[in-house]
Amino acid sequence: MINVGKIKSTIETELVGKEIRYFQMLSSTNTVAKDYAGKRAKDGTVVVAEIQTQGRGRLNRPWISPKGGVWLSVILRTKLAAEEAPKITLIASVAVARTLHRLWNLKSEVKWPNDVLIGGKKICGILTEASIAGKHVNAIIVGIGINANFDLEDLPYDLWKSTTTLKEVIGKHVNREELICVLLKEFEECFELFKERKIGRLLDEWREMACFLGKRIEVKSFRENWAGKAIDIDESGALIVELDNGERKRVLSGDVTVREI
Ligand code: BTN
C-alpha cells in the first residue's frame, strides 16, 4: 500500500500534492479528479489510487492499472486554454524522465505525444484533460500512470512486448512514496518554468530524449494516416511531419509508429 502519511511528511513541493486524495480502488484518477475540480478542489490537489478499474488512455483506450503501479492525477487551477493541454503533457513527460534519472539513473526516451519509454518499452503514459464548466476550462487534469511494482503477467499478453515496469528494469520493488514525492516536485518545477514562459528549455530536454525525431514514421490519427519523416515538435507541442511530397504537416493528435530504426 502507498503510505500517504509518509508522502505528506517528506514532500518538498509548494503546492502540488499538498492535498492528496487516496483511494484503494476507483474508476479512474482522471475521472475522480475532474469531479473534485468541479467541487472546487484546491489547486495542486493530487488523486492517487492503488487500482483503477476503468483507467483511461489516449484515444479512448483502456489503461490497465493493476496493484503496484503509480496511478495519479494532478488538478491544476492555473488559467489555461484547452489548447495548452499538449504542452502540459510534454512537461509532465520531462518531469517523469527527470525523476527516473534522479532516483535510479535511468535514461528515458519519449515518444510523441505522451509516452515515456525505457529501452524502447513503455513505462509511463500521460493523459492531460481539461475539466470544462460551462464554456470555461475549470481545471487541467494531468493523469500520470507509471508501471512500477508489478509483473508484465499482470497485463494483457498483447502488451508484454511493448511494455516494461520499474520492477523489471531495476530488478526489485521501488519505493513508490519516494517516486511520488520526487515526481510531484519535478512536475511542479517544470510547471513553474511553463508559467514563466520558459518552456524552451523543457522542449529542448524533450527533443534530446525523442528517439523518433529524424526517423521515418507513420502517424495514425482519428480520420487519417500519414507517412513521412518526424521533423520536430513546435512550441505548442504539435508534431511536425515532412510528408513524402515535401509538404510539412502539423499533427495535433495521433499515434506514432517508427518505421526506421
Ligand atoms: C496513454 O498512454 O494512453 C495515457 C495513459 C494515462 C494513464 C493514467 S493513469 C492515471 C490517470 N488516470 C487515468 O485513467 N489515466 C491516467
Side-chain angles (χ1 to χ4, degrees), residues 2 7 16-17 20-37 41 45-76 85-97 99-100 108-118 120-131 139-150 154-156 158-166 176 179-180 183-184 187 206 209-210 212 219-222 237 239 251-257:
I2 294 170
I7 297 177
V16 176
I20 296 182
R21 309 279 171 97
Y22 168 82
F23 294 80
Q24 294 209 4
M25 194 187 280
L26 48 52
S27 54
S28 148
T29 55
N30 267 32
T31 308
V32 170
K34 270 189 193 175
D35 189 42
Y36 281 137
T45 298
V46 171
V47 179
V48 191
E50 296 285 350
I51 296 173
Q52 299 186 113
T53 53
Q54 291 167 62
R56 295 189 285 109
R58 284 176 56 248
L59 309 171
N60 293 325
R61 292 187 190 128
W63 178 262
I64 313 296
S65 317
K67 195 165 175 312
V70 167
W71 321 124
L72 62 82
S73 301
V74 183
I75 301 173
L76 297 176
K87 269 188 272 187
I88 306 294
T89 300
L90 295 187
I91 289 171
S93 46
V94 171
V96 171
T99 301
L100 301 186
S108 304
E109 297 133 37
V110 289
K111 197 173 86 160
W112 184 87
N114 72 330
D115 294 352
V116 180
L117 319 173
I118 300 272
K121 295 179 173 193
K122 184 155 169 169
I123 199 141
C124 166
I126 297 156
L127 181 67
T128 306
E129 297 181 299
S131 157
I140 294 278
I141 311 295
V142 191
I144 304 178
I146 303 182
N147 301 333
N149 294 336
F150 57 85
D154 298 330
L155 297 176
D158 59 322
L159 295 176
W160 292 5
K161 241 172 96 178
S162 58
T163 307
T164 192
T165 69
L166 285 170
R176 285 187 295 164
L179 171 56
I180 292 170
L183 172 64
L184 297 180
F187 178 73
W206 192 92
M209 297 187 284
F212 68 100
V219 188
K220 284 194 180 126
S221 86
F222 270 126
L239 175 68
V251 187
L252 291 166
S253 85
D255 253 349
V256 168
T257 313

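Counting starts at 1 for both ligands and their atoms, in listed order. Just so you know, these numbers come straight off a predicted model, no measurement behind them.
- When the shell of 6.0 Å around CG of Asp158 is examined, it contains more than 12 heavy atoms from other residues, nucleotides or ligands.
- Under a 3.5 Å cut-off, the side chain of Asn114 and the backbone N or O of Leu127 do not form any donor-acceptor pair.
- Within ligand 1, the atoms closer than 4.0 Å to a non-hydrogen atom of Gly57 are 1 (C), 3 (O), 4 (C), 5 (C), numbered from 1 in the order shown.
- The pair Asp154-Lys67 does not meet the salt-bridge criterion, since no charged nitrogen lies less than 4.0 angstrom from a carboxylate oxygen.
- When each atom of ligand 1 is checked for a heavy atom of Ile144 under 4.0 Å away, the hits are 8 (C), 9 (S), 10 (C).
- Atom OG of Ser28 and atom CD of Gln54 lie 8.0 Å apart (nearest 0.5 Å).
- Here CD1 of Ile180 is found 4.0 Å from CD1 of Ile2. Values are rounded to the nearest 0.5 Å.
- Counting heavy atoms closer than 4.0 Å to ligand 1, residue Ile126 contributes backbone atoms (N, CA, C, O) but none from C-beta onward.
- Heavy atoms of Gln52 approach ligand 1 to within less than 4.0 angstrom.
- Ligand 1 places these atoms under 4.0 Å from at least one heavy atom of Arg58: 1 (C), 3 (O), 4 (C).
- Within ligand 1, counting atoms from 1 as listed, the ones closer than 4.0 Å to a heavy atom of Thr29 are 10 (C), 11 (C), 12 (N).
- Between Lys122 and Leu117 there is a side-chain heavy-atom pair separated by less than 4.5 Å.
- Counting only heavy atoms of the protein, atom 8 (C) of ligand 1 lies nearest to Gly145 N, 3.7 Å.
- A salt bridge does not link Asp35 with Arg21: every distance from a Lys NZ or Arg NE/NH1/NH2 to an Asp or Glu carboxylate oxygen is 4.0 Å or more.
- When hydrogens are left out, the protein atom nearest atom 1 (C) of ligand 1 is Asn114 ND2, 3.2 Å; that is the closest non-hydrogen contact.
- Trp63 CE3, 3.4 Å is the protein heavy atom nearest to atom 5 (C) of ligand 1.
- Numbered from 1 in the order shown, with element, the atoms of ligand 1 that lie under 4.0 Å from a heavy atom of Arg56 read 5 (C), 6 (C), 7 (C), 13 (C), 14 (O), 15 (N), 16 (C).
- Polar contact check, Lys122 against ligand 1: a nitrogen or oxygen pair lies under 3.5 Å apart.
- Checking side-chain atoms of Ser73 against main-chain N and O of Ile141 turns up no donor-acceptor pair under 3.5 Å.
- In this structure the side chain of Leu179 reaches within 4.5 angstrom of the side chain of Leu166, judged on heavy atoms.
- Close approach of ligand 1 to Gly55 is summarised as follows: ligand atoms under 4.0 Å from at least one heavy atom of the residue are 14 (O).
- Ligand 1 lies nowhere less than 4.0 angstrom from a heavy atom belonging to Ser65.
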